[in-house]
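Every chain is numbered from 1 and lettered A, B, ... according to where its sequence line falls, protein lines coming before strand lines.
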2 protein chains.
Amino acid sequence: MILKSQVEWALHCCAILAGLPEGRYLSTKALAEFHGLPKEYLSKALQSLSQAGLVHTTLGPSGGYRLAKAPAELTFLDIVEAVEGKARTFVCTNIRANNPCRAPGYCESTPCAVARIMWEADEAWREKLRNVRLSDLIEILSKEIPADLMKRTFGWVLERAG
Amino acid sequence: MILKSQVEWALHCCAILAGLPEGRYLSTKALAEFHGLPKEYLSKALQSLSQAGLVHTTLGPSGGYRLAKAPAELTFLDIVEAVEGKARTFVCTNIRANNPCRAPGYCESTPCAVARIMWEADEAWREKLRNVRLSDLIEILSKEIPADLMKRTFGWVLERAG
DNA sequence: CAAAATAGGGATATTTGTTATCCTTAATAG
DNA sequence: CTATTAAGGATAACAAATATCCCTATTTTG
Ligand code: SF4
Ligand code: SF4
């Protein structure tokens with residue numbers, strides 16, 4: 001069970017978009033080139049972000065993506081769920097229904113303990129992601145990434161931002 | 001990203017094995033019949049449990065599986081990792097290495113903040129599973145499952161346990 | 001207005017992972 | 001010896017992730 005690579009891509013793209021000046025947009029082409037990713041496929045991830053309302057888009061030359069909210073209002077969970085979906089990672093196929101000892105008509109009303117425990121763990125994962133904001137990431141990165149690389153990257157993006 | 005159905009199977013099988021009297025074994029055939037699962041494929045899940053040292057096996061007629069430890073010494077994480085693997089659910093493909101602004105030889109020593117945050121969430125999921133013991137599950141089930149069904153199930157298993 | 005660039009989305013191929021079956025081997029109980 | 005079992009290799013069927021291609025509507029730029 002491994003998350004799609006689109007999750008990684010989306011997180012990185014959001015980090016870049018967070019550094020974009022107010023009112024400017026960055027295209028799929030630029031984001032793909034910057035990360036060395038296939039443009040057409042990265043586009044699908046960005047469309048997921050768009051459908052989830054996390055980013056805003058414009059068409060035409062100088063078009064592209066910008067964040068729809070402030071980085072402090074965007075959580076990791078928002079981004080992860082946008083591309084990975086909101087479905088729980090443990091699916092119950094109700095195999096207890098096959099127990100040959102059960103009365104024929106007998107039907108459990110509630111999900112059994114196995115499923116509930118697995119879902120709690122799933123929720124713990126989500127809760128952790130919910131408590132990290134995009135702004136938290138930016139803060140960490142700004143401390144860890146060398147100043148000159150940060151500056152060059154910022155310049156690279158601005159040259160291409162419409 | 002969805003866990004394999006083998007995870008559900010393994011958890012259910014362990015729950016059944018936990019009710020097995022000391023020194024007796026239950027075969028793949030019985031476990032598959034009880035849960036309505038394909039015997040050959042369930043066998044792969046049980047082999048995973050065996051390789052992880054969670055269950056003990058014997059060969060021959062009256063052979064099969066029993067738990068290798070007391071239910072209080074077996075956690076959900078043990079079982080989940082036995083079939084699903086211990087690898088983290090977020091894999092980092094190091095796309096930051098493609099940043100065209102980086103100096104050619106520049107190489108990050110540590111995983112970036114994105115990966116660390118995702119791995120923390122993964123660890124929170126595992127921590128939750130680590131804190132639930134198989135004995136906890138049995139306790140909950142014994143309260144929730146009707147006494148007569150419990151009794152019939154127990155009898156069904158004993159009839160087939162070698 | 002015309003041309004170029006863009007996001008959106010449908011269709012489709014490729015690759016990988018999951019699910020499932022089959023068969024052989026070695027061990028064990030009766 | 002015979003029947004039964006776990007272990008594991010080989011392989012097929014199926015589903016999901018990854019990737020590419022192409023068409024459309026929209027918008028900026030010239
Ligand atoms: S996890 Fe629980 S609810 Fe889901 S199939 Fe198993 S017994 Fe049923
Ligand atoms: S998550 Fe971090 S370490 Fe992993 S590829 Fe992205 S930037 Fe690199």
* Asked: Can you tell me if A/Thr93 and B/Glu8 form a side-chain donor-acceptor pair at under 3.5 Å?
  -> yes
* **Test item: B/Arg130 side-chain N/O and B/Leu77 main-chain N/O as donor-acceptor pair under 3.5 Å** => no
* Is there a donor-acceptor pair closer than 3.5 Å between any side-chain N or O of B/Asp122 and the backbone N or O of B/Arg88? -> no
* Which residue, A/Leu54, A/Leu67, A/Asp78, A/Thr75, forms the side chain to side chain contact (heavy atoms under 4.5 Å, CB included) with A/Leu134? -> A/Leu67
* Partners of A/Ser5 by side-chain hydrogen bond (donor to acceptor under 3.5 Å, both in side chains), sequence neighbours excluded? -> none
* **Geometric cation-pi criterion B/Arg160 and B/Trp156, 6.0 Å radius, 45° cone** => yes
* Measure the shortest side-chain to side-chain distance between B/Arg133 and B/Glu73 over non-hydrogen atoms and say whether it is less than 4.5 angstrom. => no
* To do: Round to the nearest Å and state the distance from B/Leu42 atom CG to D/dT5 atom P.
  => 14 Å
* Do we see a donor-acceptor contact under 3.5 Å between the side chains of A/Gln47 and A/Ser43? -> yes
* Asked: NE2 of B/His56 versus C1' of C/dA27: gap in Å, rounded?
  -> 13 Å
Distances for protein N or O near nucleotides 7-10 of chain C N or O, under 3.5 Å:
from: C/dA7; atom 1: OP1; to: A/Thr28; atom 2: N; distance (Å): 3.0
from: C/dA7; atom 1: OP1; to: A/Thr28; atom 2: OG1; distance (Å): 3.4
from: C/dA7; atom 1: OP2; to: A/Thr28; atom 2: OG1; distance (Å): 3.2
from: C/dG8; atom 1: OP1; to: A/Ser50; atom 2: OG; distance (Å): 2.8
from: C/dG8; atom 1: OP2; to: A/Tyr65; atom 2: OH; distance (Å): 2.5
from: C/dG9; atom 1: OP2; to: A/Gln51; atom 2: NE2; distance (Å): 2.9
from: C/dG9; atom 1: N7; to: A/Gln47; atom 2: NE2; distance (Å): 3.3
from: C/dG10; atom 1: O6; to: A/Lys44; atom 2: NZ; distance (Å): 2.7

Polar atom pairs between nucleotides 15-19 of chain C and protein, under 3.5 Å, N or O only, would you list them?
from: C/dT19; atom 1: OP1; to: B/Ser5; atom 2: N; distance (Å): 3.3
from: C/dT19; atom 1: OP1; to: B/Ser5; atom 2: OG; distance (Å): 3.2

